[in-house]
Amino acid sequence: MFFYTRYPSSNVLKTFFPDVKFNRCITSQLIKWFSNFREFYYIQMEKFARQAIVDGISDVKDITVSRDSELFRALNMHYNKANDFHVPDRFLEVAEITLHEFYNAISATKDSDPSWKKAIYKVICKLDSDVPEEFKTSSYL
DNA sequence: CGAGAGCCTG
DNA sequence: CAGGCTCTCG
């Protein structure tokens, strides 16, 4: 599910767990869970973006994310351990865009600003796609 | 005041 | 992942 949306609202998130009766506690736990997913995602992005800079890559266009990228493997390992479904191409695009955002920001030393990631989050949150209905049938996450 | 983001920690 | 804490926003 994360491969489709990075910023689902709590209500949207809930619809993907039809078999769960939510109370305040479980809901916040679910929100927290997804928040952790985002955290991991951005941590990886920053890590690989910095690595690209250390590696001396000077053009953003030389930074790409494909299914056999180290970055993709790290993410897939985390969100899709069993590798039981196909990751949408759109996710690869979003991942690449995210990586570029980090690369550009760090290159411009914007990371000296305590809240420099906010600008990136603002861009990425607009790239969410709809999650296929099939995910609502079983506890896919 | 409560939900949720974001950051840090275990 | 889950807890805990600060901070923003409706």
Side-chain angles (χ1 to χ4, degrees), chain A residues 1-58 60-141:
Chain A
M1 177 168 175
F2 186 83
F3 288 122
Y4 293 90
T5 173
R6 266 62 57 189
Y7 292 87
S9 67
S10 61
N11 286 327
V12 169
L13 206 45
K14 288 181 188 175
T15 64
F16 289 91
F17 295 90
D19 51 340
V20 178
K21 52 278 185 271
F22 289 97
N23 54 40
R24 202 170 33 215
C25 197
I26 297 180
T27 299
S28 63
Q29 197 236 21
L30 181 58
I31 296 295
K32 178 60 181 176
W33 193 19
F34 219 83
S35 171
N36 278 321
F37 283 170
R38 268 196 304 269
E39 228 182 344
F40 179 81
Y41 176 79
Y42 285 123
I43 287 174
Q44 294 306 307
M45 290 300 166
E46 181 176 355
K47 177 177 153 189
F48 279 82
R50 289 187 185 286
Q51 187 56 49
I53 292 176
V54 169
D55 291 343
I57 295 177
S58 53
V60 210
K61 294 177 181 176
D62 291 333
I63 300 176
T64 162
V65 177
S66 66
R67 290 175 192 282
D68 38 51
S69 295
E70 219 180 307
L71 173 57
F72 178 77
R73 278 189 286 141
L75 295 173
N76 195 53
M77 173 107 73
H78 195 71
Y79 306 123
N80 188 24
K81 280 190 175 66
N83 204 38
D84 46 13
F85 78 96
H86 190 67
V87 178
D89 289 334
R90 178 59 179 160
F91 179 74
L92 278 299
E93 296 172 17
V94 175
E96 195 168 301
I97 293 173
T98 309
L99 196 51
H100 288 173
E101 288 293 329
F102 269 95
Y103 176 87
N104 288 146
I106 297 172
S107 296
T109 65
K110 288 179 181 173
D111 56 333
S112 56
D113 180 344
S115 58
W116 66 289
K117 294 180 184 176
K118 294 285 181 62
I120 297 177
Y121 298 163
K122 200 170 178 180
V123 173
I124 307 308
C125 73
K126 293 174 183 171
L127 305 177
D128 278 7
S129 333
D130 290 329
V131 182
E133 290 297 313
E134 305 85 83
F135 287 76
K136 294 184 179 180
T137 56
S138 56
S139 298
Y140 231 114
L141 263 177

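Chain letters run A, B, ... following the sequence lines, proteins first and then strands; every chain starts at 1. Keep in mind that the numbers below use all heavy atoms, side chains included, and drop hydrogens, waters and symmetry copies. Computed from a predicted model, the values in this text were never measured in an experiment.
Nucleotide dA2(C) holds its P atom 15 Å from the CZ atom of Phe40(A), rounded to whole Å. To the nearest angstrom, C1' of dT9(B) lies 12 Å from CD1 of Ile43(A). In this structure, CZ of Phe37(A) is placed 17 Å from C1' of dG6(B), rounded to the nearest angstrom. Whole-Å rounding puts the Ile31(A) CD1 to dG3(C) C1' distance at 16 Å. To the nearest angstrom, P of dC1(C) lies 12 Å from CZ of Phe2(A). The CG-P distance, from Asn23(A) to dG2(B), rounds to 16 Å in whole Å. The nearest whole Å value for the distance from the CD atom in Gln29(A) to the P atom in dG4(C) is 13 Å. Atom pair Trp33(A):CH2 and dG4(C):C1' shows a separation of 21 Å (rounding to whole Å applied).
Residue Tyr121(A) is classed as a sugar-phosphate contact, given heavy-atom separations below 4.0 Å to backbone atoms only.
For Asn36(A), whose side chain is taken as the heavy atoms from C-beta onward, the closest listed nucleotide among dC1(C), dG4(B), dA3(B) is dC1(C). Checking dG4(B), dC7(B), dC1(C) against the side-chain heavy atoms of Glu39(A) singles out dC7(B) as nearest. The side chain of Arg24(A) sits closest to dA3(B) out of dA3(B), dG6(B), dG4(B). Side chain of Ser10(A), nearest nucleotide from dG6(B), dG4(B), dC1(C): dG4(B).
Taking 4.0 angstrom as the limit, Ser28(A) places none of its side-chain polar atoms (N or O) nearer than this to OP1 or OP2 of dG4(B). A close approach under 4.0 Å does not occur between any side-chain nitrogen or oxygen of Tyr42(A) and OP1 or OP2 of dA5(B).
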Does Phe135(A) form a ring-ring contact (aromatic ring centres under 6.0 Å, His included) with Phe85(A)? I'd like the steps, not just the answer. CA-CA 11 Å; Phe135(A) 287 76; Phe85(A) 78 96; 5.7 Å; yes

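Between Tyr42(A) and Tyr7(A), the ring-plane angle classifies as tilted under the 30° and 60° cut-offs. By the 30° and 60° cut-offs, the orientation of the rings of Phe91(A) relative to Phe3(A) is perpendicular. Using cut-offs of 30° and 60° on the angle between ring planes, the pair His78(A) and Phe37(A) is perpendicular.
Looking only at distances, no side-chain donor or acceptor of Tyr4(A) sits under 3.5 Å from a matching main-chain atom of Pro88(A).
Side-chain atoms of Lys32(A) stay outside donor-acceptor range of the base of dG6(B), with no qualifying N/O pair under 3.5 Å.
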